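No experiment lies behind these values; they were computed from the predicted model shown. Scope of the values below: all heavy atoms of this structure, side chains included, with no hydrogens, waters or symmetry mates. Within every chain, numbering begins at 1; the chains are lettered A, B, ... in the order of the sequence lines, protein sequences first and strands thereafter.
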2 protein chains.
Amino acid sequence: MATGRTHRPATRSRGIPEATVARLPLYLRALTALSERSVPTVSSEELAAAAGVNSAKLRKDFSYLGSYGTRGVGYDVEYLVYQISRELGLTQDWPVVIVGMGNLGAALAGYGGFASRGFRIAALIDADVQLTGRLIAGLPVRHADELEGIVEDNQVSIGVITTPAGAAQEVCDRLVAAGVTSILNFAPTVLTVPDGVDVRKVDLSIELQILAFHEQRKAGEELESSLTAPPVAAKAVRDGGRRPGPDGDVPAVMPA
Amino acid sequence: MATGRTHRPATRSRGIPEATVARLPLYLRALTALSERSVPTVSSEELAAAAGVNSAKLRKDFSYLGSYGTRGVGYDVEYLVYQISRELGLTQDWPVVIVGMGNLGAALAGYGGFASRGFRIAALIDADVQLTGRLIAGLPVRHADELEGIVEDNQVSIGVITTPAGAAQEVCDRLVAAGVTSILNFAPTVLTVPDGVDVRKVDLSIELQILAFHEQRKAGEELESSLTAPPVAAKAVRDGGRRPGPDGDVPAVMPA
DNA sequence: CCATCTTTGTGCACGCGTTCACAAAGACAT
DNA sequence: ATGTCTTTGTGAACGCGTGCACAAAGATGG
Ligand SMILES: NC(=O)c1ccc[n+]([C@@H]2O[C@H](COP(=O)([O-])OP(=O)(O)OC[C@H]3O[C@@H](n4cnc5c(N)ncnc54)[C@H](O)[C@@H]3O)[C@@H](O)[C@H]2O)c1
Ligand SMILES: NC(=O)c1ccc[n+]([C@@H]2O[C@H](COP(=O)([O-])OP(=O)(O)OC[C@H]3O[C@@H](n4cnc5c(N)ncnc54)[C@H](O)[C@@H]3O)[C@@H](O)[C@H]2O)c1
């Protein structure tokens with residue numbers, strides 16, 4: 001997964017561990033699906049399976065929020081959806097600006113998963129005058145000159161950067177100066193920000209490189225074992241035991 | 001990140017901690033930039049700053065790879081680029097398929113950061129016959145029926161999934177059955193895969209929710225400190241402090 | 001009201017990752 | 001060579017996150 005993380009050391013926001021916060025959206029997604037199927041209650045075991053985590057971990061995560069379960073029964077789905085939403089701050093609207101309306105920015109602008117969680121696109125911004133005024137996902141692209149005004153007028157506190165790497169720091173600085181305090185950065189650069197500003201990064205290239213590392217390692221082990229062990233058909237190894245392993249694979253959130 | 005991470009317990013791949021692996025691409029990026037500026041050597045302090053990490057951490061990370069530095073001088077940039085590239089498996093070509101050529105898939109297909117690291121797009125795949133044959137980033141979209149053949153013919157071991165969530169597990173199963181052992185998933189679903197297959201996920205929505213959480217917390221602290229401090233006009237805080245109050249929410253609806 | 005059965009909430013131990021702090025290694029000047 | 005100065009490489013301590021295992025809570029049935 002993708003993501004890197006900002007430098008947030010022992011902050012332990014209001015007692016909720018960072019690792020737990022990162023999983024809450026996962027639980028919320030699973031719970032929302034259950035809610036849509038009108039399932040009234042769910043056990044930690046079931047929900048954990050749906051979210052792809054260990055049930056003990058899930059229970060401990062929920063315990064940070066409070067005692068919302070009923071022993072012998074499980075958790076009330078609707079209630080939990082509400083509690084987690086509230087904890088994550090999703091009961092309110094978060095105006096967001098996207099800066100850099102190239103391929104990626106346009107894809108994000110049209111992404112439905114945005115609005116469905118209370119993230120409202122306040123504006124799409126680009127420095128290219130050719131793009132100014134053009135409609136993307138129904139919204140007109142605004143010129144970068146208007147950035148400060150847009151952020152201030154709309155009380156935007158979250159900014160998404162999808163400009164080329166070279167422009168990212170400058171855009172970031174302007175966003176922060178205008179009042180943005182949370183940034184989601186897709187440009188492959190390290191952003192420097194003042195204290196109090198959160199930055200999370202998504203870097204596709206890094207994700208692929210991590211996969212490549214493990215891929216290479218797998219190939220290496222294969223080779224090794226086929227040298228040590230009697231030469232089994234390589235093809236069989238490639239197809240290696242494909243059991244529907246219950247390995248709940250969680251992605252990427254590393255402390256920085 | 002996008003992070004979180006795979007459940008890779010005591011695997012400690014060849015002694016290199018997972019956290020270190022996740023940072024190697026970061027170092028590589030910084031080193032590549034230095035290389036392009038023809039900088040011959042770099043100290044752990046400088047490189048750490050460029051990569052946005054602690055210098056002790058960087059040195060420890062490198063120590064897992066071997067002793068590539070020179071005391072009193074630093075690290076040889078070119079040599080380190082090569083060593084890290086080799087460790088990550090970037091000295092070879094990795095054929096990749098992208099499945100689901102919608103907005104996001106198209107953006108990824110055109111992304112330059114792909115090829116620049118040895119990730120070669122072997123094929124773009126979509127189930128929509130309307131798209132079949134259409135050129136995206138210079139490559140023709142192939143129909144999903146061809147998936148297995150493409151993967152086998154090109155020895156593809158890395159697959160990228162950018163289909164809607166509902167189709168992701170099925171696509172994943174087919175990729176794995178055809179021989180793919182590493183998957184980068186952009187669909188908001190938990191994928192179940194056999195042992196030996198790595199999955200990393202990138203979820204924009206989760207990233208935004210984590211930002212929202214901290215954003216809310218910041219707003220809460222703001223409010224708190226202005227309540228603890230001499231009673232400034234509460235009204236001013238409500239209206240002036242631009243974020244809508246975090247805790248002034250609806251009272252809890254208790255479950256049965 | 002009591003017994004039984006299910007499932008939560010958590011104490012505890014363990015391992016990984018981070019960071020500090022410093023000895024040792026080497027470059028460089030004299 | 002010898003001394004000084006810089007910077008690496010790592011031992012050690014610490015803190016966070018994870019998962020086991022179980023007591024307690026509460027539902028349910030008789
Ligand atoms: N396309 C992908 O799949 C992908 C994947 C991962 C990361 N990224 C990164 O995301 C960023 C955007 O990628 P892309 O493919 O959309 O690039 P792109 O070139 O298509 O779009 C970049 C846009 O940013 C605009 N821009 C440039 N400078 C600006 C400024 N100062 N202020 C406002 N707008 C500015 C440009 O006009 C352009 O429209 C890049 O940093 C890229 O490395 C892209
Ligand atoms: N667009 C974004 O910015 C964004 C951001 C984060 C996550 N995502 C996720 O990425 C995925 C793709 O998003 P999108 O906006 O590109 O959606 P999209 O609807 O534009 O594209 C999806 C594509 O997948 C194809 N498809 C559907 N079923 C398929 C199958 N079985 N095999 C092959 N192809 C199939 C469709 O024909 C379509 O072209 C979604 O799961 C979305 O939730 C998107």
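In the interface, the side chain of B:Lys60 is not paired with the base of C:dT18 through any donor and acceptor atom under 3.5 Å apart.
Summary for the helix from C:dC1-D:dG30 to C:dT30-D:dA1: the axes at its two ends, each from 5 pairs, differ by 10° when rounded to the nearest 10 degrees.
A centroid separation of 6.0 Å or more is found between the aromatic rings of B:Tyr68 and B:Phe62.
To the nearest angstrom, C1' of D:dA21 lies 14 Å from CD of A:Glu45. Atom-to-atom, CD of B:Glu46 to P of D:dT6 comes out at 14 Å; the value is rounded to the nearest Å. Between the CG atom of B:Asp61 and the C1' atom of D:dT8 there is a distance of 14 Å, given to the nearest Å. Rounded to whole Å, atom C1' of C:dG17 lies 15 Å from atom CG of B:Leu58. Going from atom CD of B:Glu18 over to atom C1' of C:dG17 covers 12 Å, rounded to whole Å. One atom, CG of B:Asn54, and another, C1' of D:dC14, lie 15 Å apart when rounded to the nearest Å.
In this structure, B:Tyr75 reaches the sugar-phosphate backbone alone: every heavy-atom distance under 4.0 Å involves primed, P, OP1 or OP2 atoms, never a base.
With hydrogens and angles ignored, the 3.5 Å screen pairs no side-chain donor or acceptor of B:Thr20 with any backbone N or O of B:Ile16.
Counting heavy atoms from C-beta on, the side chains of B:Glu18 and A:Ile210 come closer than 4.5 Å. Between A:Leu47 and A:Leu34 the shortest side-chain heavy-atom distance falls below 4.5 Å. By the 4.5 Å heavy-atom criterion applied to side chains, A:Val180 and A:Val156 are counted as neighbours. Taking 4.5 Å as the limit, some side-chain heavy atom of A:Val99 sits within range of a side-chain heavy atom of A:Leu175.
By the side-chain hydrogen bond (donor to acceptor under 3.5 Å, both in side chains) test, A:Gln169 is found to be paired with A:Asp173, residues two or more places apart in sequence or in another chain being considered. Checked against side-chain contact (heavy atoms from CB on, under 4.5 Å), B:Asp76 has the following partners two or more places apart in sequence or in another chain: B:Glu78, B:Tyr79.
Counting only residues at least two apart or on different chains, the side-chain hydrogen bond (donor to acceptor under 3.5 Å, both in side chains) pairs with a member in residues 40-50 of chain A are A:Ser43-A:Glu46, A:Ser44-A:Arg59, A:Glu45-A:Ser55.
Contact annotation: B:Ser43 side-chain N/O to D:dT7 OP1/OP2 distance is not under 4.0 Å.
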Kindly determine whether B:Ile98 and B:Phe186 satisfy side-chain contact (heavy atoms from CB on, under 4.5 Å), including the steps that lead there. CA-CA 11 Å; B:Ile98 304 179; B:Phe186 286 85; over 6 Å; no

Could you encode protein contacts along nucleotides 21-30 of chain C as a string, one character per nucleotide from 5' to 3', using B for base contact, S for sugar-phosphate-only contact and - for no contact, with a heavy-atom cut-off of under 4.0 Å? B--BBSS---

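A side-chain N or O of A:Ser205 and one of A:Gln209 form a donor-acceptor pair less than 3.5 Å apart.
Residues from residues 27-36 of chain B lying near DNA chain D, meaning a heavy-atom separation below 4.0 Å, are absent.
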